[in-house]
Structures are given as C-alpha cells and as structure tokens.
Asker: 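Got a structure here, written out as structure tokens. Questions coming.
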Amino acid sequence: MPTSRARVAELVAGVSPCDELERTHRRSAADWIASGAPLYRTDPPDVPERHLVSYFVVVDDDRGELLLAAHRKAGLWLPPGGHVEPGEDPWTTVVRECREELGIPAVAHPLTGERPFFLTVTRTRGHGPHTDVSLWYVLTASAADVTAYTEEEFSAIRWLTPGQVLREPPETLDPHMHRFTRKLGDWCDVGHSRRVRGSSRATDG
C-alpha cells in the first residue's frame with residue numbers, strides 16, 4: 001500500500017530538533033508536505049526540484065564508530081542512502097538501499113527504531129542541482145559484517161569515531177555531517193544514562 005502524505009508528515013513531525021537550523025528545516029519540510037507539492041523524484045536528477053531522500057548511518061556500538069562512504073558523484077564522504085521511490089515508505093528505502101549498497105540487512109538501532117533521527121533540507125551541487133529533504137536513520141551493525149559495497153556509487157568506505165568525524169574538514173563531508181555527529185553523541189550519552197539507570201533499577205528490584 002503506498003505511503004500517504006500524512007505518514008511522511010508524521011515522520012517529519014516526530015524528529016526532535018537538536019538546534020535552530022534543524023527546527024527551521026523541520027518547519028520547511030512540514031510546510032512543503034502540507035502544500036500538496038510532489039514528494040518523490042520521478043525523473044533523475046532534478047524532477048521535481050525538491051524531493052525525499054533517506055540516509056542511513058550505520059553504527060558499530062562495540063567499536064564506537066560509524067560508517068561513511070566516498071560518494072563518486074558528490075565527491076564527498078556521506079552516509080549511504082537513496083531517493084525515496086514514489087509511494088515508498090522512507091524506512092523501506094533504507095531497507096532496500098542498505099541491501100543494495102552494503103549487502104547487509106537494515107537493523108534499526110534500538111534507541112531510535114525504524115524512525116528518522118535527524119532531518120535536513122539541502123541544496124545539492126554539480127549536475128542537475130536540486131533540493132534534498134533528507135530523513136536520517138540510525139542502524140546498528142558490526143563492522144566485520146560490512147565486507148562489500150557498491151563500487152558504482154562509492155569508491156571507498158571508512159569507519160570513524162565521532163571525534164574523528166568532527167576532525168574531518170567540513171568541506172569533505174555532507175554539509176550537515178558534523179551537526180548529525182554532535183546530535184548522535186548527545187543522544188548516545190542520554191541513551192547510555194538511561195540504560196545504566198534501567199540496569200540499576202533492575203538490580204535494586
């Protein structure tokens with residue numbers, strides 16, 4: 001069954017902004033969805049001019065690292081992901097693209113589930129510039145399980161700690177990668193505290 005406009009609006013509304021820019025992007029995305037404008041790319045690379053994208057950031061919790069890929073067309077280190085097909089649920093896009101691009105099943109991180117964690121509205125560069133409304137999901141996987149990637153799209157992959165990501169020059173990454181990484185770090189700190197408190201209560205009981 002095709003995903004409804006209301007479903008996309010609900011996913012956008014469910015993103016908790018980490019800063020004023022994300023709050024602005026969420027409001028822009030909500031207004032765009034409510035306007036009745038087309039949501040999905042129908043003719044690559046730029047028709048319609050604004051359309052939905054699903055990113056996914058794979059995290060290896062044991063190593064404390066996340067995966068970035070060197071995107072051939074963009075010339076940047078980006079999370080994997082892809083355009084949402086017409087009527088497709090953005091999570092279904094993640095499942096499809098994860099299998100196609102990394103050859104592994106998409107496993108939602110337990111602290112986010114199958115819902116977007118971060119949202120950006122970004123003007124692309126290069127041939128056919130357009131605006132991506134991107135929903136960023138967080139997945140969990142062992143780095144040892146990621147043994148291949150689609151070489152048509154990526155020239156390399158790297159596992160980096162959040163600190164290493166933040167030391168990378170911003171111009172070599174997605175323009176919002178540093179912001180995502182800071183939000184992820186804050187969220188992981190909160191999640192760790194919750195797990196510790198939960199374990200303490202279980203022990204006390």
Side-chain angles (χ1 to χ4, degrees), residues 11-12 14-16 18 22 25 52-85 88-122 124 132-170 172-192 194-195:
L11 290 173
V12 166
V15 175
S16 179
C18 67
E22 190 173 16
H25 284 182
L52 276 174
V53 169
S54 286
Y55 267 157
F56 55 94
V57 179
V58 183
V59 176
D60 183 327
D61 284 320
D62 290 337
R63 291 172 39 155
E65 295 176 339
L66 57 87
L67 177 71
L68 292 180
H71 196 278
R72 292 186 183 276
K73 288 184 180 179
L76 299 171
W77 287 94
L78 306 173
H83 291 88
V84 182
E85 297 293 334
E88 186 176 49
D89 189 275
W91 171 253
T92 303
T93 307
V94 171
V95 172
R96 172 174 56 79
E97 293 284 348
C98 190
R99 178 64 71 181
E100 290 176 2
E101 296 186 348
L102 299 179
I104 60 171
V107 178
H109 198 285
L111 291 181
T112 58
E114 298 174 1
R115 301 183 65 83
F117 168 72
F118 189 58
L119 183 149
T120 57
V121 179
T122 309
T124 67
D132 284 341
V133 178
S134 302
L135 301 175
W136 299 51
Y137 291 78
V138 183
L139 306 184
T140 182
S142 168
D145 292 336
V146 183
T147 59
Y149 55 88
T150 175
E151 296 188 11
E152 285 186 14
E153 292 211 33
F154 308 133
S155 59
I157 59 173
R158 298 166 68 192
W159 289 91
L160 301 170
T161 66
Q164 289 172 324
V165 173
L166 293 174
R167 288 192 292 273
E168 289 289 309
T172 67
L173 307 171
D174 179 280
H176 303 288
M177 196 67 221
H178 281 184
R179 294 177 52 245
F180 169 87
T181 303
R182 292 189 186 96
K183 183 177 182 180
L184 182 68
D186 292 343
W187 161 76
C188 285
D189 289 343
V190 171
H192 175 73
R194 286 174 178 165
R195 289 195 299 272

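Values in this document were obtained by computation on a predicted structure and should not be read as measured data. Side-chain atoms are counted along with the backbone in the values below, which use heavy atoms only and exclude waters and symmetry mates. Along the sequence shown, the residues carry numbers beginning at 1.
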Asker: Can you say whether the rings of W187 and F117 are parallel (under 30°), tilted (30 to 60°) or perpendicular (over 60°)?
Answerer: tilted

Asker: Is there a side-chain contact between E100 and T150 in this structure, where contact means two heavy atoms from C-beta onward sitting under 4.5 Å apart?
Answerer: no

Asker: So M177 and L66, do their side chains get closer than 4.5 Å, heavy atoms only?
Answerer: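 The answer is yes; the side chains approach within 4.5 Å.
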
Asker: Report the C-alpha distance between D60 and L67 in whole Å, list the side-chain angles of each, state the deciding distance to 0.1 Å, and finish with yes or no for side chain to side chain contact (heavy atoms under 4.5 Å, CB included).
Answerer: CA-CA 8 Å; D60 183 327; L67 177 71; over 6 Å; no

Asker: Specify the closest pair of heavy atoms between R115 and G14, including all atoms of both residues, with the distance to one decimal.
Answerer: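 Smallest interatomic distance, heavy atoms only, reads NH2-CA, 4.3 Å.
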
Asker: Show the nearest heavy-atom pair for residues G81 and E97, with the distance to one decimal.
Answerer: O-OE1, 3.6 Å

Asker: Within the 4.5 Å heavy-atom criterion, are L160 and E65 side-chain neighbours or not?
Answerer: no

Asker: Are the side chain of E153 and the backbone of H71 linked by a donor-acceptor contact shorter than 3.5 Å?
Answerer: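 Such a contact is absent between E153 side chain and H71 backbone.
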
Asker: Give a yes or no on whether the backbone of P90 and the side-chain of S54 come within a donor-acceptor separation of less than 3.5 Å.
Answerer: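 Yes; judged by distance alone, with no hydrogens or angles, the pair exists.
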
Asker: Mind checking the CG-CG spacing from L111 to D61? Nearest 0.5 Å is all I need.
Answerer: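 Rounded to the nearest 0.5 Å, the CG-CG separation comes out at 8.0 Å.
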
Asker: Could you tell me whether the side chain of D132 and the main chain of V53 form a donor-acceptor pair under 3.5 Å?
Answerer: no

Asker: Below 4.5 Å, heavy atoms only, C-beta onward: do W136 and P116 meet side chain to side chain?
Answerer: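 The answer is no, as the side chains (C-beta and beyond) never meet within the 4.5 Å cut-off.
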
Asker: For residues L78 and Y55, determine if any side-chain heavy atom of one lies less than 4.5 Å from a side-chain heavy atom of the other.
Answerer: yes

Asker: Out of curiosity, L11 CG to D89 CG, how far, rounded to the nearest 0.5 Å?
Answerer: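 It is 6.0 Å, given to the nearest 0.5 Å.
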
Asker: Check whether any side-chain heavy atom of V133 sits under 4.5 Å from a side-chain heavy atom of L52, and report yes or no.
Answerer: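 V133 vs L52: side chains touch.
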
Asker: Would you call V95 and E114 a side-chain contact if the rule is heavy atoms closer than 4.5 Å?
Answerer: no

Asker: Kindly compute the distance separating NE2 (H25) from CG (L119), expressed to the nearest 0.5 Å.
Answerer: 8.5 Å

Asker: Kindly say whether S155 contributes a backbone atom to a donor-acceptor pair with the side chain of Y149 at under 3.5 angstrom?
Answerer: yes

Asker: To the nearest 0.5 angstrom, please state how far the CD1 atom of I157 sits from the CH2 atom of W77.
Answerer: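 Output value for this atom pair is 8.5 Å.
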
Asker: Rounded to the nearest 0.5 Å, how far apart are CZ of R182 and NE2 of H176?
Answerer: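 Result: 13.0 Å between the selected atoms.
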
Asker: Are any of the side-chain heavy atoms of R179 and T120 separated by less than 4.5 Å?
Answerer: yes

Asker: I need the minimum non-hydrogen distance between P162 and G64, along with the two atoms involved.
Answerer: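 Result for this residue pair: CD-O, 3.4 Å.
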
Asker: So how far is it from T93 OG1 to F56 CZ, rounded to the nearest 0.5 Å?
Answerer: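 Reported to 0.5 Å precision, the distance equals 10.5 Å.
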
Asker: Restricting to non-hydrogen atoms, name the atom on R96 and the atom on E85 that form the minimum distance, rounded to 0.1 Å.
Answerer: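 Nearest pair, atom of R96 first, then E85: NH2-CG, 3.5 Å.
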
Asker: Spell out, as yes or no, whether a donor-acceptor pair under 3.5 Å connects the side chain of R158 to the backbone of A70.
Answerer: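 Judged by distance alone, no pair lies under 3.5 Å.
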
Asker: Please determine which of S16, C18, P79 meets the side chain to side chain contact (heavy atoms under 4.5 Å, CB included) test together with F118.
Answerer: C18

